[in-house]
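Here is how names work: the chains are called A, B, and so on, in the same order as the sequence lines, proteins then strands, and each is numbered from 1.
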Protein chains: 2
Amino acid sequence: MPKRVDPTERRTLIADALMRVAAERGLEAVSLRHVAAEAGATTGLVQHYFGTKDEMMLFALEVVSGHIGERMEAAVNALGPSPAPRDLIRAMATQLLPLDEQRRADGRVGLAFFAYAATRPHVAEVQRRGSEGLRDFFATMMPEPAATTLLALVEGLALYLLTDTYSAATALGALDGYLDSVFGRP
Amino acid sequence: MPKRVDPTERRTLIADALMRVAAERGLEAVSLRHVAAEAGATTGLVQHYFGTKDEMMLFALEVVSGHIGERMEAAVNALGPSPAPRDLIRAMATQLLPLDEQRRADGRVGLAFFAYAATRPHVAEVQRRGSEGLRDFFATMMPEPAATTLLALVEGLALYLLTDTYSAATALGALDGYLDSVFGRP
DNA sequence: CGTTTTACATTACAGTCGTGATGTCAAAGC
DNA sequence: GCTTTGACATCACGACTGTAATGTAAAACG
């Protein structure tokens, strides 16, 4: 056999190509051939690592969640030890907003997956779990109804940022305004 | 020529079929053939009334906005004359939430169109205008930043209702909670 | 050293897609 | 009444899709 290869490395390489295609040309342009071409490979390689297209899509969705998780961890670490709950929540919520090109790309993929999941229950399950985990975490640092509201608010802001309906300043203002109403004005 | 026919009637007939397909099988299942079949017609008819697929999609998007507008008007009229701002806003915002099968169908189509618009600037324009109009109207009855936040919150709640992440009671609770924080608890 | 197994590439297939061309038929206009 | 025209139906086209089958080369393993 040829050089033994790290399969998850190849899979993330493919998933990254997928996300580039999805971010630039929409999820409907995500085909085995386009993804393969973007990855500089052939459809055979893609087929080798993902038996089916749905498998590939599902993996890409997990990569996006992974990105968000990593960014949240980094943002939280940047706060230093034992930060105030409000700062912690703000830092995490901000990572859900598409405020730079990196997060915009992830956001577009995430949005596309919402539509994709609308007719694929098992994909929807993955998303649901992610949202619930986040809300439960938020709920450890603020009243539960407020955590619920905050998460929905952030999701809506993300949507409007993605469509250029709201500016970054507007979205951050709305986020801070809501945090003020929960934690009290500083 | 055959019986002269009302073109907009035919167009809405086609658009309704499109929305049924999109709601049940996702926007990616929306093809000229599927829509035609759902409408009990042929692709020739669809082509006759919409030169191109994009034209058809755009028209369907306008139909969805129309539905929402009609529902809002009905809900507002049901309030009786000169309602309190809070009640008015609540009635309108509620129409944006997919709380019954009718609104769920529209919501799914709307969501699918968000993804569709992500790579079609002129479609995004239509959506943006709708959101801005709504926010401006809200802003006539509440502080502007609150209107901005409310709209994003409602959009986020709609998303989570659509994916069955939040229950109707949870979403309405979040909406009322926010309205309380703006207008004061009754 | 030979065999097996892994990692890919290539090709083929059946299906669907949007679109354009062409055909048919009935009513409106002269 | 004949011609024009609008309202569709039908069919063909090239492009694209996901997937299955097959081929090939190389490294690991006995």
Side-chain angles (χ1 to χ4, degrees), chain A residues 1-22 24-61 112-113 115-120 122-123, chain B residues 1-22 24-61 109 112-113 115-117 119-120 122-123:
Chain A
M1 33 183 148
K3 217 177 302 205
R4 204 96 180 33
V5 136
D6 180 18
T8 64
E9 178 211 315
R10 291 274 195 257
R11 286 163 75 96
T12 56
L13 184 128
I14 295 170
D16 285 350
L18 187 159
M19 299 206 337
R20 263 174 281 146
V21 173
E24 284 165 27
R25 290 187 279 163
L27 196 68
E28 84 241 15
V30 171
S31 71
L32 297 191
R33 284 165 243 261
H34 284 162
V35 171
E38 175 75 31
T42 63
T43 75
L45 188 149
V46 178
Q47 275 200 107
H48 187 67
Y49 289 102
F50 300 101
T52 179
K53 187 189 178 181
D54 269 21
E55 258 183 65
M56 179 178 73
M57 301 297 259
L58 216 53
F59 184 79
L61 178 56
F113 266 107
Y116 188 76
T119 51
R120 272 117 178 149
H122 60 286
V123 178
Chain B
M1 34 184 150
K3 220 178 303 207
R4 204 100 181 29
V5 134
D6 180 18
T8 65
E9 178 211 316
R10 293 272 195 256
R11 286 162 76 95
T12 56
L13 185 129
I14 295 169
D16 285 351
L18 186 159
M19 301 208 334
R20 263 174 280 146
V21 173
E24 283 164 28
R25 290 186 279 163
L27 195 69
E28 84 242 16
V30 172
S31 69
L32 297 191
R33 284 165 241 262
H34 285 163
V35 171
E38 175 75 29
T42 63
T43 74
L45 188 148
V46 179
Q47 273 200 91
H48 186 68
Y49 288 102
F50 301 101
T52 179
K53 187 189 178 182
D54 269 22
E55 260 183 65
M56 179 178 73
M57 301 296 258
L58 216 52
F59 183 79
L61 179 55
V109 174
F113 266 106
Y116 188 75
T119 51
R120 272 119 181 147
H122 59 286
V123 178

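Here His34(B) does not reach the OP1 or OP2 of dT16(C): none of its side-chain N or O atoms lies under 4.0 Å away. Checking the phosphate oxygens (OP1, OP2) of dA7(D), a side-chain nitrogen or oxygen of His48(B) falls inside 4.0 Å.
Taking 4.0 Å as the cut-off between side-chain N and carboxylate O, Glu28(B) and Lys53(A) do not count as a salt-bridged pair.
At whole-Å resolution of the value, CG in Leu18(A) and P in dG18(D) are 11 Å apart. Between Lys53(B) atom NZ and dC17(C) atom P there is a gap of 8 Å when expressed in whole angstrom units. Between the CZ atom of Arg33(B) and the P atom of dG15(C) there is a distance of 14 Å, rounded to whole Å. Nucleotide dG6(D) holds its P atom 16 Å from the CZ atom of Arg10(B), rounded to whole Å. Atom OH of Tyr49(A) and atom P of dA7(C) are 5 Å apart (whole Å). The CE atom of Met57(B) sits 12 Å away from the C1' atom of dG18(C) (whole-angstrom rounding). Nucleotide dA7(C) holds its P atom 10 Å from the CG atom of Asp6(A), rounded to whole Å. Computed from coordinates, the Ile14(A) CD1 to dC8(C) C1' distance equals 11 Å when rounded to whole Å.
Among the protein residues, Leu45(A) comes within range of the sugar-phosphate backbone only, with heavy atoms under 4.0 Å from sugar or phosphate atoms but none that close to a base. Within the nucleic acid shown, Thr43(A) comes within 4.0 Å of at least one base atom, counting heavy atoms only. Using a 4.0 Å heavy-atom distance criterion, Val35(B) is classed as making no nucleic acid contact. In this structure, Val46(B) reaches neither bases nor backbone, as no heavy-atom distance under 4.0 Å exists between it and the strands shown.
Looking at Gln47(B), its side chain has no donor and acceptor atom pair within 3.5 Å of the base of dG18(C).
When the nearest nucleotides of DNA chain D are assigned to Thr42(B) and Thr52(A) by heavy-atom distance, the more 5′-ward of the two goes with Thr42(B). Between Pro7(B) and Gly44(B), the residue anchored nearer the 5' end of DNA chain D, judged by the nucleotide with its closest heavy atom, is Pro7(B).
By the side chain to side chain donor-acceptor pair (under 3.5 Å) test, Asp16(B) is found to be paired with no residue, residues two or more places apart in sequence or in another chain being considered.
Side-chain atoms of Ser31(B) come within 3.5 Å of backbone N or O of His34(B) as a donor-acceptor pair.
Using a 4.5 Å heavy-atom cutoff, the side chains of Val46(B) and Arg33(B) are not in contact. Taking the side chain as every heavy atom from C-beta outward, Met56(A) and Tyr49(A) never approach each other to under 4.5 Å.
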